[in-house]
Amino acid sequence: MESWTLYTRRFSGRREVEKSLRKVKAMKQSRYEPEKVELKWQARWEAQGLFKVNEDSSKEKYYLLEMFPYPSGKIHMGHVRNYTIGDVVARYKRMQGKNVLHPMGWDAFGLPAENAAIEHGTHPAKWTYDNISAMKTQLKRMGFSYDWDRELATCDPSYYRWEQLFFLQMYERGLAYKKRTHVNWCEKCQTVLANEQVEDGRCWRHSDQEVTIKEMDSWFLRITHYAEEMLEHCERLPGWPERVLTMQKNWIGKSYGAVIRFPMVDSHETIEVFTTRQDTVFGATFLCFAPEHPMVKDMIKGLPQESEVIAFIERTLKMDRFLRTAEFTEKEGIFSGRYCINPLTGEKIPIFVANFVLFDYGTGAIMAVPTHDQRDFEFARKYGLPLRVVIQPEGALLKEAAMEEAYVGDGKLVNSGPFNGMSNREAMESIADYLKTKGHGCKTINYRLRDWGISRQRYWGAPIPIVYCNKCGTVPVPADQLPVVLPLQFQMRPNGGSPLPFEPSFYETSCPGCGGKARRETDTMDTFVESSWYFDRYACSDYSHGPLDLERVSYWMPVDQYIGGIEHAILHLLYSRFFTRALNDMGYLKVREPFTNLLTQGMVCKEIESCPTHGYLYPHEVKDGRCVKCGSSVILGGSLKMSKSKKNVVDPQDLIDKYGADTVRMFCLFASPPERDLEWNDKGVEGASRFLNRIWRLVLDNAGQLVRADSRGGVQVSEVLSVLHRKTHQTIKKVSEDIENRFHFNTAIASVMELVNETNKAIENRNSLDEPDWSIVKEAVETAVVLLSPVVPHICDELWEILGHRESLLTVPWPSYDPAALVEEKRLVVLQVNGRVRSRIEVPALLGDDEIKEIALADPRIRQFIGEKSVKKTVVVQKKLVNVVV
RNA sequence: GCGAGAGUGGCGGAACUGGUAGACGCGCUGGACUUAGGAUCCAGUGGCUAAACGCUGUGGGGGUUCGACUCCCCCCUCUCGCACCA
């Protein structure tokens, strides 16, 4: 109240009011208004078609790709970070003269569309296309330099028709096949999951949903055909992070061992087991089957144990797969009532069915050697099965009755007939050879990788182009009848199931072979199929004569730099590598590896806050460290990946509205190097905004002098300006190297900040600067603007224009530094005594090491620390440091 | 358990092949301008100390070296991936 009267009284005079108004008006004109600047340049870039790119054999190509998004509704911070990193590289490479392909599209099939359709009474297609349009607007608002002419959506028939063609050709080549199997079933998704999509026994997208086993007919892609090659080629991907390669190698899981055949008693059948320890075969005292194994049901038929065994199998299969095979789960099994013969000892040994044996791995049956395998040991002890030591360690004597755990180390063979006395390592080979000559088995290589099950009982996916005919059986849809269009007139079923099996207008068809009545396949493909080749299609997304225009694809592929989240380290990347090989074999591609360099960016994290009674809290629900609902003090839960459920998300749109896209881009890059997790910090965003305001003022406050000054004046200047000149070129060097060698944008930005700080210092007394001085300042300012332009392209283009240029910085060549400008006429040399800094001196740069040493030894502070002691040694480091050892 | 990565101020992070530890930013402190300041500018800011290029300091302990955040050995903690794979 009082201050208001004061205010009005003070400004009551007319002249004062007018004066202040003029001032405000002038201030407004030069104020940095991000939205205005950004919209202006986005419109201009678009009008000029600046981001469009064509194949040009005279230029070196650079294919930069970021993982395309699922159109979930709006972009999140993870997208912003991923795409900002990509955009900086794309713009940088372009300024370096490369022909850069930088496309964007939509991974548009998938479950959330179906769920949203049910929830909101809409159609998955409408929901998806609405989301695409909303997210596209947001991506454009961020100023990313995509060539939108190449945009694709995988749910469009013009995309998935080619995928259906690939499927047919894979079917012809035996790379796609159908089989009845035990599949992972997610009740929430109402569909099958691939092994890779099961995490800890739960659905990869429903962490609260346990995956169960169901028997079902499914289509598979024979990814195992390329297992060995994909494993070997891990060595040829030096541009991939080591940990991703390790995960891929582990997933393929190659192991060397042997298949051994155990003949059954009272039957002509033999049981095959896979083992990596054929050296212990003489110690195999029983045999175990996985409950799923089809042989079990046949061999127990009519036995007194039959019903008991079947009950055990059914009970075991109902259990959660993860729990059943978890390390801490007790080993359980049941005697089948049948026996087989250990082919090397000739002994009759019992056959069990056991919960811990995996049907998916090896042959689904194992020989059990309780003395030398911990699992078998536990099982044998529980069921009172015999033990026989066949490997004796050096310097100890194992006795079966006294053993408390299996001995899994090396040693000499005992109880092993002709192999007694041999080291178990040698016996690996010898026993394998022996098995082979006797016809009992052979050496083999086993992979953990299974074929890729792609059948999904879903609506919102690409139909599998197959028809079932009573007469002709399974018949592929002829290529000229593609696409099998996913009809859009159906609604989702209320329980979430696919309408396709219930819609005769879809599944009723005629057989392409005999013309008779036939039924279409109603399963659709796993959406990972679409993302396994979208990067190829970007090269020619308008091509309509086939899936890929070989000429254009060959120009662009492989992707030079792929950028995305670590969460795709196995699934998407492995499938893409498989598809690339298959398409190469089918003649569609000339490359065998899709991605030369891979950058996996870290997650965007933020501190979570929670209340003991109200759970996770949004920031606005916390006041002074207390929950606004109940007043309890809030618990800080550490920094975790942003997620809606933890209420720690930051909506990029809010930030764009408040600070502008450039600030958001800048903070994402400045907060941490890309491969590390990014810790969100609202104050840090303000810091980024502040810096942009500083550089804005630097240019606007000095616009007159800067525009008038000569570019690159080389005249002799004052001390402070020669430092600035050097700093300018040092910064060019630093920024170029940081981007080029390691994508460390945080340090690149930091060094431009230093340059700006230095420039501000140099013009502190701007009235004393003369013409040549201003040309040095101009060089510094322009360099800062150019170097920063890949990071914050809008403000830089605006400043560039203010500085008197016409073109967008995207078309300006990346600057190179002048090595001569880096040379310093003086150098700071650190003087140490016994490794401790005791003094610093400035010496002329031309001075030799010997002279520097002399000066150092004469330095009063150094003399003081040497004192009475004698100098033992003096180390001189190339004009940088002198260490005197006493 | 196995594999990979990481531990640096109050915080995010620098220090690239061993050579001034803490660039840059945030925060904080003091000051300037201002009716006001959550705007802007200036100065300071690892700890200890009255102060210093004095001591101390990069998870802990040892080692190599004239010199170690950096290399080697042992230990601790955290993150991620894999995990009964026969």
Side-chain angles (χ1 to χ4, degrees), chain A residues 2-7 9-11 200 241-247 249-251 253 255 257 273-277 280 288 322 324-329 331 354-358 360-363 365-369 372-376 378-379 446-448 566 569-570 602-603 638-639 667 670-673 675-688 690-691 693-694 697 734 737-738 741-742 744 746-754 757 760 764 828-840 861 865 872-878 880-886:
Chain A
E2 278 169 13
S3 62
W4 176 248
T5 40
L6 254 172
Y7 181 87
R9 204 174 298 152
R10 190 186 159 99
F11 284 89
D200 293 347
E242 196 54 46
R243 62 179 180 144
V244 174
L245 292 173
T246 307
M247 283 190 238
K249 286 186 227 165
N250 288 345
W251 193 265
S255 56
V273 302
F274 170 73
T275 181
T276 54
R277 293 297 304 271
T280 64
C288 289
F322 172 71
R324 186 190 118 200
T325 59
E327 202 175 357
F328 50 80
T329 303
K331 283 145 197 55
N355 65 344
F356 69 91
V357 180
L358 305 172
D360 269 354
Y361 186 78
T363 62
I366 60 156
M367 65 173 202
V369 184
H372 303 294
D373 182 287
Q374 186 57 25
R375 295 156 294 180
D376 301 347
E378 286 169 32
F379 193 83
N446 189 58
Y447 297 93
R448 203 182 81 109
I566 186 73
I570 300 171
M603 297 178 299
S639 188
F667 176 72
F670 183 64
S672 66
E675 68 276 10
R676 255 204 257 187
D677 285 351
L678 185 153
E679 182 109 8
W680 193 262
N681 178 353
D682 294 333
K683 285 283 169 32
V685 181
E686 279 172 31
R690 225 163 11 227
F691 172 72
N693 273 290
R694 274 227 313 281
R697 282 196 307 274
K734 169 85 177 146
E737 286 170 357
D738 281 350
N741 301 338
R742 36 179 217 168
H744 277 204
N746 56 333
T747 50
I749 292 169
S751 65
V752 179
M753 287 175 166
E754 286 184 56
N757 293 346
N760 272 319
E764 218 165 19
L828 185 72
V829 175
V830 172
L831 305 184
Q832 298 180 328
V833 177
N834 288 342
R836 288 155 174 272
V837 181
R838 298 301 182 185
S839 182
R840 294 171 173 86
R861 284 196 58 83
F865 276 95
K872 284 189 193 135
K873 191 174 169 185
T874 310
V875 184
V876 183
V877 180
Q878 25 139 26
K880 231 177 178 178
L881 177 144
V882 179
N883 187 14
V884 182
V885 185
V886 293

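In what follows, every chain begins at residue 1, and chains take the letters A, B, ... in the order their sequences are listed. All values derive from a computational prediction rather than experimental measurement.
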Find the distance A:Leu831:CG to B:rC66:P and express it as a whole number of Å.
20 Å
Counter-base of B:rC84, judged by Watson-Crick or G-U geometry with both distances under 3.5 Å
none
Beyond-backbone contact of A:Asp682 with A:Phe667, side-chain heavy atoms, under 4.5 angstrom:
no
Within 45° cone and under 6.0 Å: A:Arg375 NZ/CZ vs A:Phe356 ring:
no
Taking the P atom of each, how far is B:rG62 from B:rG27, in whole Å?
40 Å
From the options B:rG27, B:rG54, B:rA86, select the nucleotide whose nearest atom is closest to the side chain of A:Leu358.
B:rA86
Under 3.5 Å for both donor-acceptor distances, Watson-Crick or wobble: does B:rG44 have a partner, and if so which one?
B:rC28
Strand partner of B:rG7, provided both Watson-Crick or wobble distances fall under 3.5 Å
B:rC76
Look at the side-chain N and O atoms of A:Asn834 and state whether any lies under 4.0 Å from the OP1 or OP2 oxygen of B:rG67.
no
Residue A:Ser672, side-chain atoms from C-beta onward, closest of B:rG13, B:rC24, B:rC66:
B:rG13
If the C1' atom of B:rC41 is compared with that of B:rG22, how far apart are they to the nearest Å?
25 Å
Tell me which nucleotide, if any, is Watson-Crick or G-U wobble paired with B:rC69 when both distances must be under 3.5 Å.
none
With the side chain of A:Arg375 defined as its heavy atoms from C-beta on, choose the nearest nucleotide among B:rA86, B:rG12, B:rA15.
B:rA86
Quick one: which of B:rU20, B:rC24, B:rA15 gets closest to the side chain of A:Arg742?
B:rA15
Return the value, rounded to whole Å, for the distance between atom CZ of A:Arg676 and atom P of B:rU8.
9 Å
What's the gap between B:rC28 and B:rU34 when it is taken at their P atoms, as a whole Å value?
24 Å
Smallest heavy-atom separation, A:Ala569 atom then A:Val244 atom, equals O-CG1, 3.8 Å
Tell me, do A:Met367 and A:Thr280 make a side-chain contact under 4.5 Å, heavy atoms counted?
yes
OP1 or OP2 of B:rC26 less than 4.0 angstrom from a side-chain nitrogen or oxygen of A:Arg690, does that happen here?
yes
Could you please name the partner base of B:rU64, counting Watson-Crick and G-U wobble pairs only when both distances are under 3.5 Å?
none
Nearest-nucleotide pick for A:Val877, side chain only, options being B:rG13, B:rG19, B:rC84:
B:rG19
Need to verify one output field. Residue with the more 5' nearest nucleotide on RNA chain B, A:Glu764 or A:Val885?
A:Glu764
Separation of B:rC80 atom P from A:Ile570 atom CD1, nearest Å, is 15 Å
Backbone N or O of A:Met603 within a donor-acceptor pair of the A:Asp677 side chain at under 3.5 Å?
yes
Among B:rA86, B:rC24, B:rG19, which nucleotide sits nearest the side chain of A:Phe356?
B:rA86
In whole Å, I'd like the distance from the NZ atom of A:Lys880 to the C1' atom of B:rA21.
14 Å
Of the listed nucleotides B:rG12, B:rC66, B:rG25, the one nearest the side chain of A:Arg694:
B:rG25
Touch class at under 4.0 angstrom, heavy-atom based, for A:Lys872 against every strand present:
nothing
A:Arg838 CZ - B:rC66 P separation (whole Å)
18 Å
Rounded distance in Å - CG (A:Asp682) to C1' (B:rC26)
12 Å
Measure from CG on A:Leu881 to C1' on B:rG67 and round the result to the nearest Å.
8 Å
Side chain of A:Asn681 only, heavy atoms from C-beta on: which candidate in B:rU20, B:rC26, B:rC84 is closest?
B:rC26
I'd like the P distance from B:rA43 over to B:rG54, given in whole Å.
25 Å
Across all strands shown, which nucleotide pairs with B:rA15 by Watson-Crick or G-U wobble geometry, both distances under 3.5 Å?
none
Nearest to the side chain of A:Thr747, heavy atoms from C-beta on, is which of B:rC66, B:rG13, B:rA14?
B:rA14
Give me syn or anti for B:rG62, where syn covers glycosidic angles within 90 degrees of 0.
anti
Expected output: side-chain A:Asn883 to main-chain A:Gly835 donor-acceptor under 3.5 Å
yes
Counting only side-chain heavy atoms from C-beta out, which of B:rC16, B:rG13, B:rA83 sits nearest to A:Lys734?
B:rC16
Between B:rA68 and B:rA15, how far apart are the two C1' atoms, rounded to whole Å?
13 Å
Quick one: do A:Thr874 and A:Val882 satisfy side-chain contact (heavy atoms from CB on, under 4.5 Å)? Show the steps, please.
CA-CA 7 Å; A:Thr874 310; A:Val882 179; 3.7 Å; yes
Under 4.0 angstrom, heavy atoms only, what part of the nucleic acid is A:Asn446 near: base, sugar-phosphate, or nothing?
nothing
Measuring only the C1' atom in each nucleotide, how far is B:rC53 from B:rU8? A whole number of Å is fine.
22 Å
If you measure from the P atom in B:rU79 to the same atom in B:rG13, how many Å do you get, rounded?
16 Å
Roughly how many Å is it from CZ in A:Arg277 to P in B:rA86, rounded to a whole number?
11 Å
Given the P atoms of B:rG57 and B:rC42, what is the spacing between them in whole Å?
35 Å
